[in-house]
2 protein chains.
Amino acid sequence: MKNNSSFKNKLEESGHSFTSQRAEVYSILCENAPAHLTAEEIFIKLTQRHLKIGLSTVYRTLGIFTNIGITDKVDFDDGMSRYELVENFDGKNHRHHHLICLGCGRVEDALDDLMEDLENDVLEKFSFNIIDHSVKLYGYCAECSMKNKIETGSK
Amino acid sequence: MKNNSSFKNKLEESGHSFTSQRAEVYSILCENAPAHLTAEEIFIKLTQRHLKIGLSTVYRTLGIFTNIGITDKVDFDDGMSRYELVENFDGKNHRHHHLICLGCGRVEDALDDLMEDLENDVLEKFSFNIIDHSVKLYGYCAECSMKNKIETGSK
DNA sequence: CTAACTGCAAACATTTTGCACAACT
DNA sequence: AGTTGTGCAAAATGTTTGCAGTTAG
């Protein structure tokens with residue numbers, strides 16, 4: 001919706017055609033950002049909108065999007081992959097952490113500050129050159145922490 | 001093999017029986033530590049050893065092990081879950097990072113120093129209480145970095 | 001017009017489940 | 001004896017693929 005032309009460019013410069021299905025999947029991702037949608041959720045949102053699309057096309061499209069850096073494929077251990085728009089996919093890829101609440105299951109995003117220290121450390125100790133990272137932090141969000149405190153008598 | 005009795009304790013104090021199948025799965029995990037084995041790999045190693053066990057028992061066993069903190073379930077985005085022994089599962093759970101080489105696919109383990117800063121930061125900014133984390137760092141190991149340099153003319 | 005893309009259905013791979021039998025306690 | 005665990009086969013789940021028809025360039 002917003003930078004639709006740079007989306008189209010990204011597709012074409014990587015040798016893929018710009019099709020209505022791909023535009024539709026992209027617009028669902030834009031409208032729901034920064035949500036982490038599964039292929040099926042996207043498929044359902046599209047059919048609810050009376051757009052006829054095959055689930056396999058959604059999968060294929062998300063595969064392409066992830067390959068060319070339009071989306072990130074993320075996994076929250078619930079048995080299915082989720083896809084989120086890469087912010088500013090023209091510029092540098094700035095992946096973020098996911099804060100996964102063990103209480104309510106909600107997922108928040110946090111910027112990946114402080115990772116540089118860790119990456120330098122790993123480079124030094126392991127001679128391992130980091131290109132990308134995936135950080136999942138499990139715990140309790142503010143709301144669920146509060147709830148726990150009340151239930152357990154602020155233990 | 002090594003702390004077999006504390007393994008048995010852990011099982012029993014969590015209300016599970018100590019069975020030969022569970023001991024066998026545990027010993028495979030010990031012998032192959034710190035590898036990250038899939039359910040099927042464990043199943044194959046056991047049948048090669050002429051031990052008769054069902055694949056579903058392996059899955060059920062690994063599920064229990066993970067629930068009671070004997071193993072960690074980890075996922076390297078290749079479509080199947082892997083399981084690794086939690087070191088010193090009597091004491092504190094000290095999860096480590098995984099360095100996943102994009103060149104050769106090898107996975108190294110790195111201790112999770114420096115995560116405390118990050119966790120404190122997240123607690124401050126998001127009021128999110130971290131219980132556990134999963135950190136995957138993608139990049140190139142020393143060997144593959146070297147190979148890349150030679151191939152591309154030390155660019 | 002040709003190559004790339006789509007939709008459907010069937011295939012796949014991993015994991016889970018129902019059930020009869022076996023093993024613990 | 002009664003609960004818990006096991007093995008098999010079948011089901012379930014998420015994802016991929018083959019193919020005939022459609023669309024893009």
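Throughout, protein chains are lettered first and strands after them, A, B, ... in sequence-line order, and every chain is numbered starting at 1. If you're wondering where the values come from, they're calculated on a predicted model, not measured in any experiment.
Screening A/E41, A/R82, A/E84, A/K73 against A/H36 for a side chain to side chain donor-acceptor pair (under 3.5 Å) leaves a single residue, A/E84. Results of the salt bridge (Lys or Arg N to Asp or Glu O under 4.0 Å) test with A/K136 over A/D77, A/D109, A/D78 single out A/D77 as the only residue that passes.
Within the 3.5 Å criterion, the main-chain N or O of B/T66 finds a donor-acceptor partner in the side chain of B/T71.
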| query | Does the side chain to side chain contact (heavy atoms under 4.5 Å, CB included) test come out yes or no for A/V25 and A/T57, once each step is laid out? | reply | CA-CA 10 Å; A/V25 170; A/T57 301; over 6 Å; no

| task | Please lay out, stage by stage, how B/K45 and B/N32 fare under the test side chain to side chain contact (heavy atoms under 4.5 Å, CB included). | result | CA-CA 10 Å; B/K45 280 177 192 294; B/N32 292 275; 3.6 Å; yes

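Residue A/T19 places at least one side-chain N or O under 4.0 Å from the OP1 or OP2 atom of C/dT6. The side chain of A/Q21 contributes no N or O atom lying less than 4.0 Å from OP1 or OP2 of D/dT23. For C/dC24, neither phosphate oxygen OP1 nor OP2 lies less than 4.0 angstrom from any side-chain nitrogen or oxygen of B/K8. For A/Y59, a side-chain nitrogen or oxygen approaches OP1 or OP2 of D/dT15 to under 4.0 Å.
Rounded to whole Å, the distance from CG on A/L62 to P on D/dT15 is 10 Å. Protein atom CG of B/L51 is 15 Å distant from nucleotide atom C1' of D/dG7, rounded to whole Å. Whole-Å rounding puts the A/E12 CD to D/dG25 C1' distance at 10 Å. To the nearest angstrom, P of D/dT16 lies 11 Å from CG of A/N67. Put simply, CG on B/L46 is 12 Å from P on D/dT6, counting in whole angstrom units. Separating the CG atom of A/L55 from the P atom of D/dT17 is a distance of 14 Å, rounded to the nearest angstrom. Between B/E41 atom CD and C/dT15 atom C1' there is a gap of 15 Å when expressed in whole angstrom units. To the nearest angstrom, C1' of C/dG7 lies 7 Å from NZ of A/K52.
If you check D/dT6, D/dC19, C/dC24 against the side chain of A/R60, the one that comes closest is D/dC19. For B/T57, whose side chain is taken as the heavy atoms from C-beta onward, the closest listed nucleotide among C/dT6, C/dC24, D/dT6 is D/dT6.
Side-chain rings of A/H133 and B/H97 stay apart, their centers remaining 6.0 Å or farther from each other. For an aromatic pair to be called close, the ring centres must be under 6.0 Å apart, and B/Y59 with B/Y83 fails this.
Listed in residue order, the members of residues 75-83 of chain A having a heavy atom less than 4.0 Å from DNA chain D are A/G79, A/M80, A/S81.
Remark: the A/S56 side chain and the C/dC8 base include a donor-acceptor N/O pair separated by less than 3.5 Å.
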